[in-house]
Amino acid sequence: MIDRYSEKDTVSQTIIPKLSLMKSETKRVKASTVYMPSLCLIVQGKKEIFLDYELYTYSPSEYLAVSVELPVVGQITEASKEKPYLGLSIELDPLAISEMLVHAPEHGATSRGLFVGKTDEGLADCILRLVRLLESPADVPFMSHLIFKEFYYRLLKSPHGWNLAQLVMTGSSMQRIAKVIKVLKTDFARNMRIEEMAEIANMSQSSFHHHFKEVTAMSPLQFQKRLRLTEARRIMLAEQADAASTAFRVGYESPSQFSREYSRMFGAPPLSDISNLRRYAVVEE
């Protein structure tokens, strides 16, 4: 089904809101991106994700779930023309999760905003029925709503249910951290101090720093830096902007500092890195 309804080497949006399909016949270079709250399922091939220095690998029968926006580095590690990488992504809907919150665990600790879980038979069957709706577009408006309700029910009843429930629970640490992340992502050039971030989260500075690192695996300042550099790479690649102007757009006052930190994160200065990425894309095409 994924092979039939997806284009090669790209993310294919579908007629079902929040459902995207992925197909690739080649292993990919490491790509930096910001994951939105979502569940990613592999049905063929393998992929690895780096959250700062933490490595997450997943393959068929496993899913990767992201409960807050996170800057990550991802790479497809198993794919071929004969056996392409095939996967799907479902963007998580906070409103739909909150409507099913009664089925979530009653308590738990602040946890990572990204985790790998096992796809049990019930969840796999639910997702398969959702994808099969692509064959009957007329049924999508009514049936997708019912299947999504079951999807969130099964996620909340899973061993990782608390991780997702925190996203919509009023006053939860994860919801507060997500609020700060949204502000950081909305205005990359804004220089926010820890005091201001803690105030937005309505936490003490020490509590905010602790919970932020629990959720994102990074300190607030490390997170902001990675977010800015990831956006800078996207801007230069998509808009063909130069490094100096891009540096200012994402909040750097010094182009030389931007170049140093960019090189440290991506392994090459901005110009060389973007040239290599474009050369790779041309070769693949």
Side-chain angles (χ1 to χ4, degrees), residues 1-14 16 18-67 69-92 112-132 134 151 154-155 158-160 163 217 226 230 233-234 237 265-268 273-274 276-285:
M1 294 288 294
I2 292 175
D3 184 60
R4 187 185 313 161
Y5 288 98
S6 60
E7 299 293 329
K8 186 175 69 172
D9 296 328
T10 188
V11 177
S12 301
Q13 304 300 324
T14 71
I16 300 174
K18 303 186 183 304
L19 174 66
S20 303
L21 308 178
M22 286 81 68
K23 175 167 63 176
S24 180
E25 296 181 352
T26 58
K27 297 178 183 178
R28 314 291 288 175
V29 295
K30 290 182 179 179
S32 299
T33 188
V34 177
Y35 269 11
M36 300 297 289
S38 56
L39 179 140
C40 306
L41 176 71
I42 292 178
V43 300
Q44 189 167 274
K46 288 184 180 179
K47 192 172 186 178
E48 63 181 26
I49 298 292
F50 283 91
L51 177 63
D52 197 29
Y53 293 105
E54 294 181 354
L55 172 63
Y56 296 81
T57 60
Y58 65 118
S59 53
S61 81
E62 296 176 317
Y63 64 81
L64 179 88
V66 183
S67 49
E69 297 179 61
L70 292 172
V72 301
V73 176
Q75 181 179 27
I76 294 173
T77 57
E78 186 177 291
S80 65
K81 191 171 183 179
E82 295 74 26
K83 200 172 182 181
Y85 167 88
L86 299 170
L88 60 82
S89 173
I90 299 174
E91 182 183 340
L92 299 179
R112 223 24 124 240
L114 182 152
F115 58 91
V116 173
K118 285 286 185 182
T119 312
D120 60 31
E121 187 175 342
L123 182 60
D125 177 67
C126 177
I127 295 174
L128 177 58
R129 282 183 279 115
L130 182 67
V131 176
R132 278 182 173 155
L134 296 174
F151 170 73
R154 293 190 177 280
L155 283 181
S158 75
H160 296 285
N163 300 56
R226 188 168 288 272
T230 300
R233 198 186 205 195
R234 186 201 67 76
L237 195 60
M265 179 169 166
F266 296 116
D273 178 58
I274 297 303
N276 289 336
L277 288 173
R278 287 186 179 134
R279 191 178 305 119
Y280 181 83
V282 170
V283 169
E284 283 213 330
E285 287 172 3

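Note: hydrogens, waters and symmetry copies are ignored here, and every other heavy atom, side chains too, is used.
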Would Thr14 and Tyr5 satisfy side chain to side chain contact (heavy atoms under 4.5 Å, CB included), going step by step from the backbone distance to the final call?
CA-CA 8 Å; Thr14 71; Tyr5 288 98; 5.7 Å; no
Which atom names give the shortest non-hydrogen contact between Val116 and Thr57, and what distance separates them?
CG2-O, 4.0 Å
Note: Ile16 and Leu130 closest approach over all heavy atoms is CD1-O, 3.1 Å
Mind listing the closest non-hydrogen atom pair of Ser24 and Asp9 along with its distance?
OG-OD1, 2.9 Å
Tell me whether the count of non-hydrogen atoms from other residues, nucleotides or ligands lying under 6.0 Å of NZ in Lys46 goes above 12.
no
Nearest non-hydrogen partners of Glu62 and Thr119, listed with the distance
C-OG1, 3.6 Å
Do Arg233 and Met265 come close enough that some side-chain heavy atom pair is under 4.5 Å?
no
With rounding to the nearest 0.5 angstrom, report the OG to CG distance, Ser59 to Leu64.
11.5 Å
Are Leu237 and Arg278 close enough that some pair of their side-chain heavy atoms sits under 4.5 Å apart?
yes
In chain order, what residues pass the side-chain hydrogen bond (donor to acceptor under 3.5 Å, both in side chains) check against Asp52, with sequence neighbours excluded?
Arg226
For residues Lys83 and Glu78, determine if any side-chain heavy atom of one lies less than 4.5 Å from a side-chain heavy atom of the other.
no
Going from NZ on Lys47 to NZ on Lys27, what distance comes out if it is rounded to the nearest 0.5 angstrom?
15.0 Å
Fit a plane to each ring of Phe115 and His160, take the angle between them on a 0 to 90° scale, and name the class: parallel (under 30°), tilted (30 to 60°) or perpendicular (over 60°).
parallel
Using modelled atom types only, decide if a donor and an acceptor are shared between the side chain of Ser89 and the backbone of Ser20 within a distance under 3.5 Å.
no
From Glu25 CD over to Lys8 NZ, what is the distance, rounded to the nearest 0.5 angstrom?
4.5 Å
Exam field: side chain Lys23 to backbone Asp3, donor-acceptor pair closer than 3.5 Å:
yes
Would you say Ile76 and Met22 make side-chain contact, with heavy atoms under 4.5 Å?
no
Distance from Leu114 atom CG to Ser67 atom OG, nearest 0.5 Å?
8.0 Å
What is the minimum heavy-atom distance between Tyr63 and Lys118, and which atoms define it?
CE2-O, 3.4 Å
Show the nearest heavy-atom pair for residues Ser158 and Leu155, with the distance to one decimal.
OG-O, 2.6 Å
What distance do Ile274 atom CD1 and Phe266 atom CZ have between them, rounded to the nearest 0.5 Å?
8.0 Å
Can you check whether Ile49 reaches Tyr58 side chain to side chain, under 4.5 Å on heavy atoms?
yes
Flag side-chain contact, heavy atom, 4.5 Å: Met1 against Leu21:
no
Output, in order, the C-alpha distance, side-chain angles, deciding distance and verdict of side chain to side chain contact (heavy atoms under 4.5 Å, CB included) for Leu51 and Arg112.
CA-CA 10 Å; Leu51 177 63; Arg112 223 24 124 240; 4.1 Å; yes
Indicate yes or no: at least one non-hydrogen side-chain atom of Pro60 is less than 4.5 angstrom from one of Val43.
no
Considering only heavy atoms from C-beta outward, does the side chain of Leu39 approach that of Phe151 to under 4.5 Å?
yes
So, does Gln44 use its side chain to make a donor-acceptor pair with the main chain of Pro84 at under 3.5 Å?
yes
Supply the atom-to-atom distance Leu86 CG to Ser6 OG, rounded to the nearest 0.5 angstrom.
6.5 Å
